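Okay, so here's the structure we're looking at.
Here the structure is a predicted model, which is why all the values come from computation and not from measurement. Any value given below was found using the heavy atoms of this structure, including those in side chains, with hydrogens, waters and symmetry copies removed. Chain A is the first sequence line, chain B the second, and so forth, proteins listed ahead of strands; every chain is numbered from 1.
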There are 2 protein chains.
Amino acid sequence: MVSGNTLAEIAALIGDVARANILSALMDGRALTASELAWHSGVSPQTTSGHLAKLSEANLIAMTRQGRHRYYRLASPEVAQAIEALMSVASFGPKRHRPLGPKDEALRNARTCYDHLAGRLGIAVADALTEKNYIVLSESAGAVTNEGQRFLCDLGIDLQERRGHHRALCRTCLDWSERRPHLAGRLGAALCARMFELGWVERIKDSRALAVTPTGKSGLEEFFGITEQSS
Amino acid sequence: MVSGNTLAEIAALIGDVARANILSALMDGRALTASELAWHSGVSPQTTSGHLAKLSEANLIAMTRQGRHRYYRLASPEVAQAIEALMSVASFGPKRHRPLGPKDEALRNARTCYDHLAGRLGIAVADALTEKNYIVLSESAGAVTNEGQRFLCDLGIDLQERRGHHRALCRTCLDWSERRPHLAGRLGAALCARMFELGWVERIKDSRALAVTPTGKSGLEEFFGITEQSS
DNA sequence: AGGACGTTTCGGCCGTCGCCGAAGCGTTCC
DNA sequence: GGAACGCTTCGGCGACGGCCGAAACGTCCT
């Protein structure tokens with residue numbers, strides 16, 4: 001046992017169906033209790049507990065106690081990024097697509113990816129900001145323009161760096177369903193958080209999928225010029 | 001059962017020590033024969049063959065026959081990115097560092113990451129280009145300036161898009177040893193390739209590590225203002 | 001043709017790990 | 001205090017999958 005965490009060890013942790021389900025469930029950035037995760041994982045609470053212990057041990061997830069509950073969340077944006085990258089690879093392949101039900105359709109339409117927007121909505125937002133010259137996505141990268149700063153400020157978005165945590169302002173993240181980059185980084189997180197605050201989007205029960213509210217619809221049209229991105 | 005299935009499958013493939021060794025060996029972007037990979041993987045040729053079949057089946061690697069040899073390579077930059085992201089997560093952790101030998105030190109100094117430069121050299125190049133305003137890395141993203149275009153042209157670097165393959169011009173990639181972004185994308189690949197052409201860097205035997213040649217030393221100083229980045 | 005070499009296929013062994021039932025520990029509520 | 005609840009630990013079962021030896025297939029060389 002020379003090295004602490006090796007590539008194979010980390011990948012093996014993600015490479016179990018139950019644990020992959022757990023991590024997928026945590027990909028929306030929220031913290032969930034052990035029981036909720038047991039539900040998502042598809043195995044018994046005892047087994048889930050074992051999985052959670054292993055994931056914690058390897059620092060893929062972090063835990064905070066709260067009364068008799070234990071809340072688990074992804075340990076860092078890096079973990080989310082690795083999982084997203086794997087999902088991206090996973091959805092390649094010449095495999096036949098499984099028939100996609102309404103749930104899948106909702107996911108493709110709009111969802112959270114760790115702490116930012118993804119799916120068609122995420123893409124539309126990135127496109128709109130680019131279109132209006134608020135951000136410049138030089139290929140898969142991004143910077144916020146001065147007009148962009150103002151616009152975001154008008155929207156009530158604060159891009160101040162959080163304590164210590166050096167986190168990129170504007171990253172892009174390859175969308176596994178759309179195969180195009182959407183906005184991540186502090187900007188992506190702030191946009192997503194603000195849309196929740198404004199009541200533009202709501203979580204769909206038991207899912208990473210999002211629903212755009214009527215308020216959201218008009219807001220997206222007014223501020224972003226996004227009319228309709230649903231299927 | 002949403003996307004968890006395939007996520008777990010892919011991760012499980014990477015999550016075996018022998019296969020992880022194979023993929024790591026291929027991370028330098030070259031194509032290797034089955035026997036060479038057997039050597040890297042640490043298991044017998046028969047077993048390696050089985051692993052290679054599984055990796056091919058899942059489209060993580062691709063194969064081309066050449067005489068009685070079969071050359072395997074990573075199937076796509078996306079695969080490389082996913083592995084790099086996993087490595088990044090893997091090297092986190094509060095675990096004690098293993099004592100790093102001279103080989104490890106060489107890797108940290110300069111190496112290839114799929115098809116571009118990484119390690120201290122990769123970081124130094126990214127820093128130098130930023131310093132001289134040839135590229136703008138707005139946080140973790142990047143664009144090439146007009147002066148940059150000229151500079152790269154002078155160096156003999158052609159950034160024309162390859163056939164069909166939409167690939168980002170200037171991506172960044174988190175360096176697992178330095179914890180800072182280095183240049184990836186077409187730009188990173190072109191820079192790396194050109195340095196090989198010019199004889200600035202050479203591969204160290206049986207390793208992803210690179211050695212900077214005397215020519216390279218003066219070239220790096222003249223064109224990039226990089227004096228010494230070795231330990 | 002024969003032999004060396006690179007690679008794959010087959011068969012069987014064995015360890016690892018995921019799984020659940022039962023039980024234990026800590027917290028909350030009545 | 002006692003009961004319900006949330007979560008974890010323990011023990012034992014079962015199976016999936018990685019491993020190698022032996023052998024087959026294809027290619028190249030002389």
Under 4.0 angstrom between B:Tyr72 side-chain N/O and C:dG6 OP1 or OP2: no
B:Arg70 side-chain N/O to C:dT8 phosphate OP1/OP2 under 4.0 Å: yes
Atom pair distance, as rounded to whole Å: [atom1] in [X] and [atom2] in [N]:
{"X": "B:His69", "N": "C:dT8", "atom1": "NE2", "atom2": "P", "value": "12 Å"}
{"X": "A:Glu36", "N": "D:dC5", "atom1": "CD", "atom2": "C1'", "value": "15 Å"}
{"X": "B:Leu52", "N": "C:dT9", "atom1": "CG", "atom2": "C1'", "value": "14 Å"}
{"X": "B:Glu57", "N": "C:dT9", "atom1": "CD", "atom2": "P", "value": "12 Å"}
{"X": "A:Arg65", "N": "D:dG6", "atom1": "CZ", "atom2": "C1'", "value": "12 Å"}

Reading 5' to 3' through nucleotides 17-30 of chain D, protein heavy-atom contacts under 4.0 Å coded B for base, S for sugar-phosphate only, - for none: -SSBBB----BS--
Salt bridge (Lys or Arg N to Asp or Glu O under 4.0 Å) pairs, two or more places apart, involving residues 43-54 of chain B: none
Residues B:Glu105 and B:Arg108 bridged, charged N to O under 4.0 Å: no
Residues that A:His51 engages under ring-ring contact (aromatic ring centres under 6.0 Å, His included), provided they are two or more places apart: none
side-chain hydrogen bond (donor to acceptor under 3.5 Å, both in side chains) pairs, two or more places apart, involving residues 25-34 of chain B: B:Asp28-B:Arg30, B:Thr33-B:Glu36
Residues forming a salt bridge (Lys or Arg N to Asp or Glu O under 4.0 Å) with B:Arg73, sequence neighbours excluded: none
Side chain to side chain donor-acceptor pair (under 3.5 Å) involving A:Gln46 - partner list, sequence neighbours excluded: A:Ser44
Sugar-phosphate, base or nothing in reach of B:Thr33, heavy atoms under 4.0 Å: sugar-phosphate
